[in-house]
Participant: 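One structure, pasted below without further comment.
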Amino acid sequence: MEKDARQPAMTPEQEDRMIEDAFQELLSGYLQSNHRKKVEIIERAYRFAREAHKGVRRRSGEPYILHPIAVARIASREIGLGSTSICAALLHDVVEDTDYTVEDIEQHFGPKIAQLVEGLTKISGGIFGDKASLQAENFRKLLLTMSEDIRVVLIKMADRLHNMRTLGSMAPNKRYKIAGETLYIYAPLAHRLGLFAIKTELEDLSFKHEHPEAYRRISEKIQESEARRSAVYNDFSEPIKRKLDSLGIKYEAKARLKSVYSIYNKMEAKHVPFEEVYDLYAMRIVFDCDDQAKEKSMCWSIYSAITDLYKLHPDRTRDWIAVPKANGYQALHLTVMGPDGNWIEVQIRSRRMDEIAEKGFAAHWKYKIGEGDEESELNAWLKTIKDILDNPEPNAIDFLNTLKLNLFASEIVVFTPAGELLTLPAGSTVLDLAFALHSEIGIHCIAGKVNHKLVPLNHELRSGDQAEVLTSKTQTPLPEWEKFLVTAKAKTRLRKALRSSRQPMILQGREILQKWMEENGIPDNNAVMTKLQGTYRVGNRDDLCYQLGAQEIMLGDFLVPVLKRLADNPTGKKKGIMSKIITMGKRMIPGVSDTSEDITEDTPKQTLEQPKINTKETYCLRQNETGANFVLAPCCNPLPGDDVMGFVNDDGVVEIHSLDCPRAQVLKAGFGSRIVATRWESVAERFLAHVRIEGIDRHGILQEMISMISTHMGMDIRKVDIEASGEVFHCDLWVRVCDAAVVGDLCTRAMEVKGVTHATRIN
C-alpha cells in the first residue's frame with residue numbers, strides 16, 4: 001500500500017480517538033465470535049503495529065495504522081478467522097515497511113504469527129511485479145504459501161478488499177492496474193475459496209472504478225425498480241412462507257439481488273437493456289437445523305412444498321448437496337415460474353451451508369472444525385494447484401491463463417468403471433479425464449469409452465457419465481490436443497511433454513538463428529525478433545527456433561535489409577510493424593478473434609512523433625491530418641467515447657483498449673507499470689463500428705434500413721451481411737462513425753423501423 005505524508009485534517013487527540021475507536025470495533029466483533037478469546041495477544045499486536053507505523057500516512061491522508069486494523073476487521077468479521085490471523089493482519093505490513101524483521105515478530109508473538117507475516121511479506125505489493133518474467137514467480141509464491149497455510153491467502157484477500165474499498169485516492173493508472181488485477185485473479189480466487197460475498201464485492205468495486213458511468217446508471221435503475229421488484233417478490237414469496245410456516249420449519253427467506261457487475265455482464269453478453277434482464281433476483285431460504293444428517297431431507301421437503309405451488313423448470317434443478325461444488329458450496333437450487341410469467345430461482349440451504357457459502361469453508365479448514373468432506377475437497381484442489389506449480393509455464397501470461405482455467409470453472413461429476421467419483425471443470429473431454437487420472441495415461445491416451453460407447457479423445461463429458469480411458473504404448477502427444485483440453489493440469493502436462501520432445505529441435509534452431517544473425521550483422525533485440533515472428537507467423541521465439549530446427553522454414557536473404565533498417569530504427573514507425581506487434585500480443589489470449597483485416601483502413605496511422613509517456617498523468621488522445629498519437633487495438637475496436645485505457649507498448653506507443661477487452665484484462669493484471677489513464681480530446685478520423693440488427697422479416701425492410709442509415713443519418717456503410725431464416729432476419733452492418741454516441745443513435749433509430757426487434761453494437 002502506498003503511503004503519503006500529508007498533514008492531518010484532525011488534531012492529534014481526535015486522530016488518537018479515531019484509531020482507538022477503530023480498534024475497539026475490531027475487538028468487539030472478535031468477542032462476539034465463537035473463537036477462544038485471546039484478547040491480550042491481539043492488543044499487543046495492535047500496540048506493536050501502531051508504534052511501527054507511527055507518523056506514516058496513506059495516500060488519502062489518514063493514519064496508516066487504520067489500514068491494518070481494517071484488514072484485521074475484515075479477516076475477523078467477514079471471513080471468520082481467529083486471533084492468530086487477526087494478529088498477522090495487524091502486523092502484515094510491519095516487516096515490509098519498517099525496520100522490524102520476521103525474527104522480531106517471532107520473538108514477540110511466536111512462530112505461527114511470524115510465519116503468516118512472512119508469507120504475507122513475500123507476496124506484498126500485489127501478486128505481480130513490473131516485469132513479465134517476475135509475474136509467474138510471484139504468483140507461484142502466493143499459491144505455494146496458500147498450500148502451506150490457507151490463512152495467508154485469506155488475509156491477503158482481506159487486504160485486497162480494503163485496498164479496493166479505498167481505491168478512490170489512487171492515481172487513475174494505478175486504479176486501472178489494481179482493479180484489473182483484482183478482476184483477473186483475486187475475484188476468481190475468492191470464488192474458488194468459497195468467499196462468495198467478498199468475490200461479489202471485489203467484482204463490483206473493480207467495475208465501479210473501471211466504468212463509473214455504467215455503474216452509476218445500473219445502480220440508479222436498480223433503485224428505481226426496487227418498488228416494482230419488491231411487489232413481484234412479495235407476490236411470489238408469500239404463498240411459500242405460508243406453506244413453510246404450516247410445516248413448522250424455522251427459516252429465514254430473503255431476496256438475493258444480482259450484483260451490479262453480474263447485471264452488466266448479462267446486458268453485455270445478451271446485448272439487452274437493463275429492462276430485459278428478468279432474473280434480477282433469486283429467493284434464498286435459509287433454515288435452522290441442529291442435526292446435520294437431517295439437512296438433506298429438510299431441503300427436499302422445502303423443495304416439495306415450493307413445487308406444489310409453482311411450475312418447475314425441468315432442466316434447471318441443481319443438487320449441490322449430494323455432490324458439493326469444489327469450493328465446498330452446498331445448496332439445492334430450483335427454478336419455478338413466478339406470478340409475473342418470469343422464471344425465478346430459489347436457493348435452499350441450512351444455516352451451516354449458508355455460512356460456508358458466504359464466508360468460505362476455507363476459513364474453517366483445520367482450525368474450527370475437523371477434517372470433513374469439505375476439507376478433503378479443498379485438499380484435492382490445493383493438490384491440483386501444487387501440481388501446476390511443479391511444472392510452471394515459462395511464459396508468464398500463459399501461466400496466469402492456465403491458472404485461471406482452474407479458478408473460475410464450473411464443475412461436472414463423472415464416474416470411473418469402478419464407481420470412483422471424479423470432479424472436473426465443465427466442458428472437460430476424455431483427454432482431460434486421462435490427464436486427471438495420471439500424466440502417463442494422458443500422454444498415451446488413444447480413445448475413451450463413455451457409457452460403454454467408444455468415443456474420440458475430444459468427446460465432451462457430461463455430469464453423470466461413466467467414462468473409461470483407453471491407452472496405447474505407441475501413442476505420443478500431439479500439439480493439436482491442446483485445442484480440446486479444458487483443465488489446467490492437462491494443459492500443463494501436455495505442454496511439458498511437448499517441450500521435452502521438441503527441445504532437441506529448438507536447440508538446433510537456436511544455433512541456426514544465431515549463426516545467420518551473426519553472419520549478416522543483425523542484432524538480437526525485441527524489434528528484430530518481433531518482425532521475424534510476425535513474418536513466419538509463430539507465437540514466440542521457441543516456436544520459431546523449432547521450425548528452423550525441423551527445417552520447416554528457411555531464413556531468406558530478403559529479410560536482411562528489412563531487419564537492418566529495423567535495428568537502426570527500433571521505434572518501428574514503418575507502416576505495418578505496429579499491427580504485427582499487436583497481433584502477436586493478442587495471440588496470448590484464447591478466444592480473441594483476429595479482426596485486423598476488418599479495421600485496417602480505419603486504424604489511425606501512427607505518424608506523430610512520440611515523446612516519453614508519463615503514466616502518472618492522464619494521456620490526451622489526439623488525431624489530425626498528420627496522424628494520431630495512439631493506435632487502436634484490433635482485439636476490441638474501441639471508439640472515441642468508449643471507456644478505454646492506454647498501454648505503452650514495446651515501441652513506447654500508446655495502444656488503446658476497451659476496458660472490458662480480454663487482452664486489456666491481462667495487461668492490467670500483468671503490466672501495471674505500463675498502463676496509462678486516457679482522455680479522448682480531438683479525433684477527426686472516422687472509425688469502423690459493427691452493429692447487429694434482428695427482427696421480423698418483411699418485403700423492403702433492408703431498403704428502409706439502408707436508406708435510414710446512409711441517407712437520413714449520412715453514414716458510410718462499408719459492409720452488410722444479412723440472412724433471413726423463416727420469418728426472422730439477422731443483419732450485420734459495418735459503418736464508419738466518429739464516436740460511440742453515433743452508434744447508440746443508430747441503434748435507437750434502427751429500432752424505429754417496423755419489424756426491427758433488436759439493434760446493438762458488437763465489440
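Just so you know, these numbers come straight off a predicted model, no measurement behind them.
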Participant: Could you check whether any side-chain N or O of Asp642 sits under 3.5 Å from a backbone N or O of Leu639, counting only pairs where one atom can act as donor and the other as acceptor?
Facilitator: yes

Participant: Taking ring-ring contact (aromatic ring centres under 6.0 Å, His included) as the test, write out the residues that go with Phe196, two or more places apart.
Facilitator: none

Participant: In Å, rounded to the nearest 0.5 Å, how long is the span from CD1 of Ile722 to CD1 of Ile693?
Facilitator: 8.5 Å

Participant: What do the steps show when you test Met715 against Arg736 for side-chain contact (heavy atoms from CB on, under 4.5 Å), and what is the final call?
Facilitator: CA-CA 7 Å; Met715 286 189 185; Arg736 283 166 63 95; over 6 Å; no

Participant: Under the criterion side-chain contact (heavy atoms from CB on, under 4.5 Å), I'd like the reasoning laid out for Leu120 against Asp159: C-alpha separation, chi angles, the key distance, then a yes or no.
Facilitator: CA-CA 10 Å; Leu120 287 158; Asp159 180 36; over 6 Å; no

Participant: Evaluate salt bridge (Lys or Arg N to Asp or Glu O under 4.0 Å) for Glu213 paired with Arg216, printing each intermediate quantity in order.
Facilitator: CA-CA 5 Å; Glu213 274 304 303; Arg216 182 188 58 77; 2.6 Å; yes

Participant: Between Ser658 and Cys636, what is the shortest heavy-atom contact and its length?
Facilitator: N-SG, 3.2 Å

Participant: Taking 4.0 angstrom as the limit, do Arg165 and Glu201 come out as a salt bridge?
Facilitator: yes

Participant: Shortest non-hydrogen contact from Ala689 to Val743?
Facilitator: CB-CG2, 3.8 Å

Participant: Please check if the side chain of Arg57 supplies one atom and the backbone of Gly61 the other of a donor-acceptor pair under 3.5 Å.
Facilitator: yes

Participant: Examine distances only and state if a side-chain atom of Asp732 and a backbone atom of Ile762 form a donor-acceptor pair shorter than 3.5 Å.
Facilitator: no

Participant: Do the ring centers of His211 and Tyr215 come within less than 6.0 Å of each other?
Facilitator: no

Participant: Any side-chain heavy atom of Cys545 sitting closer than 4.5 Å to one from Leu513?
Facilitator: yes

Participant: To the nearest 0.5 Å, what is the distance between NE2 (His191) and CD1 (Ile198)?
Facilitator: 14.5 Å

Participant: Does a side-chain heavy-atom distance below 4.5 Å link Tyr186 with Lys156?
Facilitator: yes

Participant: Hey, does Asn649 have a side-chain heavy atom less than 4.5 Å from the side chain of Phe647?
Facilitator: yes

Participant: Set out, in order, the CA-CA distance, both residues' side-chain angles and the distance that settles side-chain hydrogen bond (donor to acceptor under 3.5 Å, both in side chains) for Tyr536 and Asp543, then state yes or no.
Facilitator: CA-CA 10 Å; Tyr536 291 104; Asp543 286 347; over 6 Å; no

Participant: To the closest 0.5 Å, what do you measure between SG (Cys635) and NE2 (His657)?
Facilitator: 4.5 Å

Participant: Which heavy atom of Ala158 sits nearest a heavy atom of Val71, and at what distance?
Facilitator: CB-O, 3.7 Å

Participant: Is there a donor-acceptor pair closer than 3.5 Å between any side-chain N or O of Asp739 and the backbone N or O of Val742?
Facilitator: yes

Participant: With a 4.5 Å cut-off on side-chain heavy atoms, are Leu183 and Phe207 touching?
Facilitator: no

Participant: Side-chain contact test, heavy atoms from C-beta onward, threshold under 4.5 Å: evaluate it for Leu621 versus Tyr619 and give yes or no.
Facilitator: yes

Participant: Just to verify, what does Lys266 make a side chain to side chain contact (heavy atoms under 4.5 Å, CB included) with, not counting sequence neighbours?
Facilitator: Lys258, Lys270, Val277, Asp279

Participant: Does the separation of the ring centres of His730 and His758 fall below 6.0 angstrom?
Facilitator: no

Participant: Just how far is it from atom CG of Asp660 to atom CG of Asp643, taken to the nearest 0.5 Å?
Facilitator: 8.0 Å

Participant: For a side-chain contact (heavy atoms from CB on, under 4.5 Å) check, start with the C-alpha distance between Leu659 and Val644, then their side-chain angles and the critical distance, and finish with the verdict.
Facilitator: CA-CA 5 Å; Leu659 282 172; Val644 295; 5.8 Å; no

Participant: Ile717 and Ile709: side-chain contact (heavy atoms from CB on, under 4.5 Å), yes or no, with the steps?
Facilitator: CA-CA 8 Å; Ile717 299 174; Ile709 295 166; 3.9 Å; yes

Participant: May I ask you to decide if Glu694's main-chain N or O and Thr757's side chain share a donor-acceptor pair within less than 3.5 Å?
Facilitator: yes

Participant: Given side chains that start at C-beta, do those of Leu66 and Arg58 come closer than 4.5 Å, heavy atoms only?
Facilitator: no

Participant: Do Asp716 and Arg718 meet the salt-bridge criterion of a basic N to acidic O distance under 4.0 Å?
Facilitator: yes

Participant: If you take all heavy atoms of Ser219 and Val260, which pair is closest and at what distance?
Facilitator: OG-CG2, 4.0 Å

Participant: With a 4.0 Å cut-off, would you call Lys754 and Glu704 a salt bridge?
Facilitator: no

Participant: What are the two closest heavy atoms between Ile178 and Arg160, and how far apart are they?
Facilitator: O-NH1, 3.4 Å

Participant: Report yes if the side chains of Leu544 and Ile553 come closer than 4.5 Å at any heavy-atom pair, otherwise no.
Facilitator: yes

Participant: Could you tell me the separation between the NE2 atom of His209 and the CE atom of Met164, rounded to the nearest 0.5 Å?
Facilitator: 5.5 Å

Participant: Return yes when atom CD of Glu723 has more than 12 non-hydrogen atoms of other residues, nucleotides or ligands closer than 6.0 Å, and no otherwise.
Facilitator: no

Participant: Can you see whether His690 engages Asn637 through a side-chain donor-acceptor pair at a distance of less than 3.5 angstrom?
Facilitator: no

Participant: Leu532 versus Leu555: any side-chain heavy-atom pair under 4.5 Å?
Facilitator: yes

Participant: Using a strict cut-off of less than 4.0 Å between a Lys/Arg side-chain nitrogen and an Asp/Glu carboxylate oxygen, indicate whether Glu224 and Lys221 qualify as a salt bridge.
Facilitator: no

Participant: Going from CG on Leu746 to CG on Leu733, what distance comes out if it is rounded to the nearest 0.5 angstrom?
Facilitator: 7.0 Å

Participant: Would you call Arg495-Glu482 a salt bridge at under 4.0 Å N-O?
Facilitator: yes

Participant: Do Arg679 and Glu681 meet the salt-bridge criterion of a basic N to acidic O distance under 4.0 Å?
Facilitator: yes

Participant: Tell me the closest heavy-atom pair linking Ala190 and Leu202, and the distance in Å.
Facilitator: CB-CD1, 4.5 Å

Participant: Tell me whether Asp204 is salt-bridged to Lys199, with the criterion being a basic N under 4.0 Å from an acidic carboxylate O.
Facilitator: no

Participant: Output yes when a side-chain donor or acceptor of Arg175 lies under 3.5 Å from a complementary backbone atom of Met170, and no otherwise.
Facilitator: yes

